[in-house]
Trainee: 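So that we are looking at the same thing, I have put the structure below in structure tokens.
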Amino acid sequence: MLESKGKADENKQELTNRMSGLAKLLETRNTKLSECRKNLTDTEIQLRDVENRIKTIADLENSMEGFQFSVKHIMKASQQGRISGICGTVSQLISVETKYSVAIETALGGALQNIVVNNEDSAKRGIRLLKENRAGRATFLPVTSVRGNRLNMPQLENEDGFVALGCELVKYDSQFEGVINSLLGRICIAEDIDSATLIAKKYGYKFRIVTLDGQVINAGGSFTGGSVSKQTGLLTRKNEAEALAKKKTALENSFTELKQQVEKLNQEVSKYTADTEGLREKLSQVNSDILRFEMEIKRVSEYYSDYENKLDEIETFIETLKNKYKIVSGDIDKAQTEFSEIEAEISDNEAKLADSQNEQAELKNKREQLSEELSQMKIMAAELSKDLDACMLSISQLEETIGDSDTDSGKLNDNISECEKKIAEKKELIFQTKQELNGADEKIAAAQKMAEQAQREHIELDNAANKLRTKQKHKMDEKETLSGQITRAEEQKKSVTAGFDKLVAQLWDDYELTRSDAAEIAEDIVDITVANRRLNELRGNIRNLGSVNLGAIEEYAEVSQRHEFLTGQLNDVNTSKTELEKLIDDLTENMKNMFTDSFERINANFKKIFTELFGGGQCELILTDPNNVLECGIEINVQPPGKVITNLMSLSGGEQALVAIAIYFAILKISPSPFCLLDEIEAALDDVNVSKYAQYLHHLTDKTQFITITHRRGTMEEADVLYGVTMQEKGVSKLLKMDVSETRQMKLE
């Protein structure tokens with residue numbers, strides 16, 4: 001149990017360390033995720049700003065904002081197919097790098113709005129269209145007739161600060177080369193005003209010079225310059241659209257990468273969160289195991305004292321076995337003593353036997369030595385016999401050769417005498433050897449007798465040792481038998497103890513009863529078979545109940561607390577929802593009331609203003625769905641005096657414009673603006689209606705200051721102050737002011 005608790009503690013420590021590591025990883029990933037989300041939000045905001053700016057520029061381009069009304073009229077007619085041969089405005093047909101856009105815009109000036117056409121007929125058709133529709137004036141550049149020349153001064157390229165001719169800095173289709181040369185071919189682009197001044201002086205102010213920042217030195221020596229807005233030019237707008245398109249692509253790529261990174265980090269955070277939750281569940285399980293182990297250890301410690309009494313009988317039995325073991329040990333000791341004495345006798349006999357064996361070995365060795373000497377002597381005798389035979393043979397040969405060799409007789413006699421001496425010595429040696437051999441046989445026989453005697457003694461001692469070994473074996477068998485009995489007794493003790501512990505543990509696990517509690521509620525069993533049958537029935541019923549959840553109480557407390565918390569949160573959300581719905585209903589009702597009130601007032605003003613502007617007639621603003629005023633449409637019903645109109649499209653262009661002006665004035669009366677700019681809103685009106693429109697403006701000047709941009713005489717006559725912009729010289733603008741109210745007063749005087 002303690003070992004299991006130790007393992008559980010180690011497991012808890014390991015899970016805690018892993019949770020700490022995962023918490024750090026999760027914190028790191030959350031930090032990165034927050035940064036990526038912030039970057040993603042910033043990138044998305046930048047992308048939306050760029051898209052909005054691109055849309056704004058596109059809308060400006062589509063509506064041709066910044067162009068004259070006459071130019072707009074011609075381009076719209078070309079798009080509608082009412083006039084052919086229109087190539088486009090100069091600004092639409094050229095492109096220029098951003099760093100040169102200010103210089104080119106300054107150089108071209110109003111020529112940016114000149115309309116390039118295919119030929120003279122197209123130009124005449126355009127002028128005729130403007131004249132018929134009273135749409136103003138425009139400049140047309142026929143490709144077939146406009147043939148400009150470039151400034152021919154090769155040495156100009158070597159001047160300090162010289163950039164290029166204006167026509168060299170723009171890109172265009174080759175068919176428009178004559179037009180571009182006529183506009184920019186004789187305009188020099190310089191880096192700054194100082195360089196431009198030096199170049200102009202050197203060449204006698206013969207041509208126009210424009211700096212990169214928009215300052216101008218005109219032909220003839222006049223200077224034009226000042227601050228220049230870099231965001232309002234037509235070419236600047238075009239370049240800005242291209243730059244914004246590139247920036248949009250880069251932002252979209254960055255947005256995609258950040259989005260992928262955020263998704264990846266979200267997955268990692270989810271994974272680490274899931275791992276953390278899993279480890280938290282495992283840690284909770286380990287804590288439950290540790291708590292269970294601690295309870296089990298505490299329970300075992302409490303019940304251990306109760307179980308000790310049950311071991312007394314076993315210990316008494318063990319003491320009996322120990323006493324018996326002591327008796328047996330005494331017998332074993334006695335047998336061991338006898339065995340030691342026998343072993344001593346065996347050792348003595350074995351020593352004697354070893355001595356006799358040593359003597360026998362010595363005699364055997366001596367016998368072998370003598371046998372070897374005898375063999376050698378026999379060999380020597382054989383060798384001597386052979387030598388003797390050889391000598392005799394030599395003697396016979398010598399005797400035979402004596403007669404043949406008288407001269408060698410002396411030497412032969414000497415040899416014979418030497419051989420005879422050697423023969424005598426060999427015979428003496430053979431005799432001695434034979435005598436020694438005779439003595440060796442006697443020694444060998446004596447040694448053999450001693451060896452046989454020692455062997456008999458060895459056999460007797462070996463038999464005695466075998467008897468003692470048999471007796472020792474019997475004693476060892478008795479000892480092993482007693483040891484086996486002791487071992488079985490110990491095993492029986494352990495088995496009884498384990499069975500007792502198992503029964504007590506089973507009593508607690510199955511019934512959660514201690515030994516003392518069980519003894520108190522125990523009943524005497526009359527019939528063990530009936531009791532076992534009843535026990536099996538109860539166990540079956542318990543199994544049918546399913547597994548017991550030990551953590552049910554804690555889980556219920558936790559779930560109950562969370563349920564109460566979520567219930568409170570849900571109630572708060574429902575309350576907030578109710579309040580928001582009520583607030584929305586109140587706001588919607590207020591908006592309806594405000595809209596209805598404003599609509600009725602605007603409708604009343606519209607009827608009055610319409611009658612004044614048209615000199616009679618009827619008009620009305622009608623809601624298409626009065627029950628849903630915030631989402632319905634508005635219909636405009638008008639009936640000028642003397643006409644029956646069923647559709648606004650039946651009105652002429654001037655009448656439609658006058659209706660729109662009447663509605664605008666009606667709105668302005670309800671919500672007057674302190675400042676209002678009117679850009680040629682009366683362009684489509686005839687002279688009579690222009691005068692009515694201009695005169696009516698005086699009804700609104702008590703709360704609103706009007707600035708009108710107009711080409712109509714009637715509007716100018718009713719204005720208090722007139723500002724005019726003229727260009728007596730090409731590229732040189734001049735501002736004129738005239739106080740009409742003072743002039744009118746002077747006339748009256």
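Start at 1 with the first residue, then count along the sequence.
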Trainee: Do you see a donor-acceptor pair shorter than 3.5 Å between the side chains of D194 and T197?
Mentor: no

Trainee: Are the side chain of S691 and the backbone N or O of D687 linked by a donor-acceptor pair below 3.5 Å?
Mentor: yes

Trainee: Short question: side chain of R712, backbone of L685 - any donor-acceptor pair under 3.5 Å?
Mentor: yes

Trainee: Say whether S122 and N118, considering side chains only, have a donor N or O and an acceptor N or O under 3.5 Å apart.
Mentor: no

Trainee: Is there a donor-acceptor pair under 3.5 Å between the side chain of S182 and the backbone N or O of G148?
Mentor: no

Trainee: Is any side-chain heavy atom of I661 closer than 4.5 Å to a side-chain heavy atom of Y696?
Mentor: no

Trainee: Can you check whether A250's main-chain N or O pairs, donor with acceptor, with S254's side chain at less than 3.5 Å?
Mentor: no

Trainee: Taking the side chain as every heavy atom from C-beta outward, state whether Y172 and L93 have any atom pair closer than 4.5 Å.
Mentor: no

Trainee: So, does N571 use its side chain to make a donor-acceptor pair with the main chain of T567 at under 3.5 Å?
Mentor: yes

Trainee: With rounding to the nearest 0.5 angstrom, report the CG to CG distance, D192 to D213.
Mentor: 7.5 Å

Trainee: Mind jotting down which residue pairs meet the salt bridge (charged side-chain N to carboxylate O under 4.0 Å, His left out) criterion with at least one end in residues 114-134? Sequence neighbours excluded, please.
Mentor: D121-K124

Trainee: Give the C-alpha distance, both sets of side-chain angles, the deciding distance and a yes or no for side chain to side chain contact (heavy atoms under 4.5 Å, CB included) between V638 and F614.
Mentor: CA-CA 11 Å; V638 296; F614 279 86; over 6 Å; no

Trainee: Under a 3.5 Å distance rule, please check whether N603 uses its side chain to pair with a backbone N or O of L621 as donor and acceptor.
Mentor: yes

Trainee: Side chain to side chain contact (heavy atoms under 4.5 Å, CB included) for L623 and F595? Distances and angles first, verdict last.
Mentor: CA-CA 11 Å; L623 295 174; F595 179 82; 4.0 Å; yes

Trainee: So, D686 versus N689: side-chain donor-acceptor pair below 3.5 Å or not?
Mentor: yes

